[in-house]
Amino acid sequence: MADQVETCAFCGTATATSRRRHARYCSNACRQRAYRQRVNEPVTALDSFVGRDAELVRLCGFGGTRVLTLVGPAGVGKSRLVKEFAGSRATWVELASATDVARACVAALGEPAREPVLSTLVRALAGHRTLLVLDNCERVAAKCAALLEPLLLGCPGLTVIATSREPLRVPGEVLFAVQPLSITDAVELFADRARANQVGLRLGDRDALAALCARLDRLPLAIELAARLVTLLPVKEVLARLDDRLELLNRGNRTAAERHRSLRAAIGWSYDHLSADEQHVFRCISQGPGGFGLDGAVQACDLPSDRVLVVLSALVAKSLLTFTGAGRFEQLESVRLYGRERLAEQFAGEVRGRVRGTSAANPKVVRRGPAPAANQMKSPDPGCGVPPQDTRSDLGERAP
């Protein structure tokens with residue numbers, strides 16, 4: 001009986017089969033890898049996927065791309081979009097808590113971590129067609145780039161999709177910016193998650209829902225966290241309290257990573273990884289109510305113009321700031337409120353330090369009154385070069 005030629009279900013290699021013997025895999029190794037992949041890959045989401053139809057269509061157009069990196073701010077839904085797009089055909093590597101990227105990849109592939117690890121990876125992937133998803137690369141971006149260049153050169157059948165808050169900057173990388181949801185999809189997501197928390201819930205005024213989602217920057221994480229509050233407060237009441245969103249939005253899924261259990265933690269994950277200069281500029285630019293230009297940022301930060309421009313560029317790359325064209329920059333409202341909160345903390349800490357120094361010199365001096373809250377902060381970062389109690393519409397420009 002003549003053999004028929006089919007392809008291995010794991011690697012795509014041609015394999016001979018017959019009516020009596022049907023082989024899904026070309027070898028025991030591929031059979032074991034497929035089993036480990038099914039067991040180890042938590043890529044199927046338990047909740048519904050809302051919106052992103054246009055993004056899914058666009059992702060299908062990157063078929064020949066070897067490295068595709070989805071970039072965007074905290075909570076915008078990069079990982080969820082990749083899960084929907086790649087499904088179970090990808091090997092998923094979670095890097096949020098990883099320090100050794102190569103070993104994390106080896107573990108995800110189900111291979112023993114023999115030395116040298118890079119050689120182990122090349123042997124496991126060479127000759128196979130593999131889609132590797134590297135999730136949450138931002139804290140190990142340099143290590144990802146160092147691994148991917150030789151790995152891609154040695155494994156022609158390898159394709160990589162990465163999620164990160166900043167680019168990996170590896171040769172051949174194509175960036176896919178994940179934007180906040182459309183207002184229609186944002187409202188649908190809020191309604192879906194709210195009704196999951198309270199069956200039969202009537203949400204009422206759709207205009208209020210749209211205003212709420214817009215104030216939340218149309219970020220899926222913030223919307224899902226806010227949807228948990230409707231069991232306690234009407235939508236309009238939640239909307240009225242959004243100046244305190246960093247306190248309110250803190251009831252994420254128990255099984256979620258720590259950085260996704262609250263809006264503050266999600267943004268803090270990015271802030272904590274900034275350099276000292278980047279943190280300083282981030283705090284200073286949070287003072288304004290909207291967009292600003294380079295001159296305003298320079299005056300607010302009290303740093304040389306060239307240095308401020310370099311730092312602003314870094315904050316744009318790390319998805320904490322957006323360049324809108326015509327020399328203007330903008331922050332998401334939630335990100336700006338986080339910056340003001342950190343600014344208030346620094347101000348309070350410096351006041352306490354001055355009070356301690358004054359008290360040591362004069363024991364009769366006693367400080368009274370609390371430090372200003374983040375959403376009531378009037379005095380800027382003492383190192384920002386802006387006079388106290390100065391109200392500004394564009395950081396460096398005095399409001400009329």
Side-chain angles (χ1 to χ4, degrees), residues 7-14 25-27 29-30 32-34 36-37 40-41 43 55-56 58-72 78-79 81-83 85-178 317-319:
T7 57
C8 174
F10 183 81
C11 70
T13 300
Y25 305 103
C26 64
S27 65
C30 278
Q32 292 170 3
R33 288 175 186 140
R36 290 165 181 159
Q37 182 172 296
N40 295 330
E41 285 184 34
V43 298
E55 288 91 335
L56 290 171
R58 287 178 58 205
L59 285 172
C60 292
F62 292 97
T65 302
R66 299 290 306 282
V67 183
L68 179 64
T69 303
L70 277 67
V71 293
K78 301 179 291 294
S79 300
L81 178 58
V82 173
K83 286 181 180 180
F85 173 71
S88 60
R89 62 192 177 95
T91 297
W92 198 274
V93 186
E94 173 56 59
L95 295 176
S97 59
T99 55
D100 191 322
V101 177
R103 289 185 180 277
C105 292
V106 167
L109 289 166
E111 298 288 336
R114 300 188 181 95
E115 298 292 343
V117 180
L118 178 58
S119 298
T120 300
L121 273 176
V122 171
R123 284 194 300 270
L125 296 171
H128 306 296
R129 297 185 64 83
T130 305
L131 174 59
L132 197 64
V133 173
L134 304 182
D135 193 29
N136 297 301
C137 298
E138 52 269 0
R139 292 204 170 187
V140 286
K143 294 179 180 179
C144 287
L147 172 68
L148 286 181
E149 185 167 2
L151 196 59
L152 289 163
L153 290 172
C155 306
L158 175 64
T159 300
V160 175
I161 297 179
T163 71
S164 179
R165 299 183 189 182
E166 63 178 295
L168 303 183
R169 302 209 308 263
V170 64
E173 179 184 30
V174 174
L175 299 180
F176 184 98
V178 181
K318 295 177 180 180
S319 303

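These figures come from a predicted structure and were not determined experimentally. When a residue number appears, it is its place in the shown sequence, counting from 1.
- With hydrogens and angles disregarded, no donor-acceptor distance shorter than 3.5 Å links the side chain of K143 to the backbone of D100.
- Side-chain contact check for T69 and E173: at least one donor-acceptor pair (N or O, by modelled atom type) lies under 3.5 Å.
- In terms of heavy-atom proximity, A102 sits nearest to L121 at O-CD1, 3.8 Å.
- At a threshold of 4.5 Å between non-hydrogen side-chain atoms, the residues F176 and I161 do not count as touching.
- In this structure, the side chain of T130 does not engage the main chain of L158 through any donor-acceptor pair within 3.5 Å.
- Here the NZ atom belonging to K78 is positioned 6.5 Å from the OG atom belonging to S319, to the nearest 0.5 angstrom.
- Between the R66 side chain and the L152 main chain, a donor and an acceptor come within less than 3.5 Å of each other.
- Note that the CG atom of L118 and the CZ atom of R103 stand 12.0 Å from one another [nearest 0.5 Å].
- In this structure, K318 contributes its side chain and R165 its backbone to no donor-acceptor pair below 3.5 Å.
- Between C105 and L134 there is a side-chain heavy-atom pair separated by less than 4.5 Å.
- In plain terms, the two heavy atoms of E149 and V170 that are nearest each other are N-CG2, 4.2 Å.
- For the residue pair A162 and L168, the shortest heavy atom distance occurs at CB-CD1, 3.9 Å.
- With a 4.5 Å cut-off on side-chain heavy atoms, E55 and L81 count as touching.
- Taking the side chain as every heavy atom from C-beta outward, V67 and V174 never approach each other to under 4.5 Å.
- Cation-pi check for R89 over F85 is met; the charged atom lies under 6.0 angstrom from the ring centroid and within 45 degrees of its normal.
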Could you go through the side chain to side chain contact (heavy atoms under 4.5 Å, CB included) check for L148 and V160 one step at a time? CA-CA 9 Å; L148 286 181; V160 175; 3.8 Å; yes

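- Of all heavy-atom pairs between A146 and P150, the closest is O-CD, 3.1 Å.
- Annotation: side chain of V71 is not in contact with side chain of T163 (no heavy-atom distance under 4.5 Å).
- You'll find the side chain of L132 stays beyond 4.5 Å of the side chain of T159, heavy atoms only.
- Listed for the E94 side chain is a donor-acceptor partner under 3.5 Å among the backbone atoms of A96.
- S164 has its side chain out of reach of L70: every pair of non-hydrogen atoms, C-beta onward, lies at least 4.5 Å apart.
- The two residues A86 and V133 come nearest to each other via the heavy atoms CB-CG2, 4.5 Å.
- When all heavy atoms of V140 and A98 are compared, the closest pair comes out as CG1-O, 3.5 Å.
- Looking at L109 and V93, their side chains never come closer than 4.5 Å, going by heavy atoms from C-beta outward.
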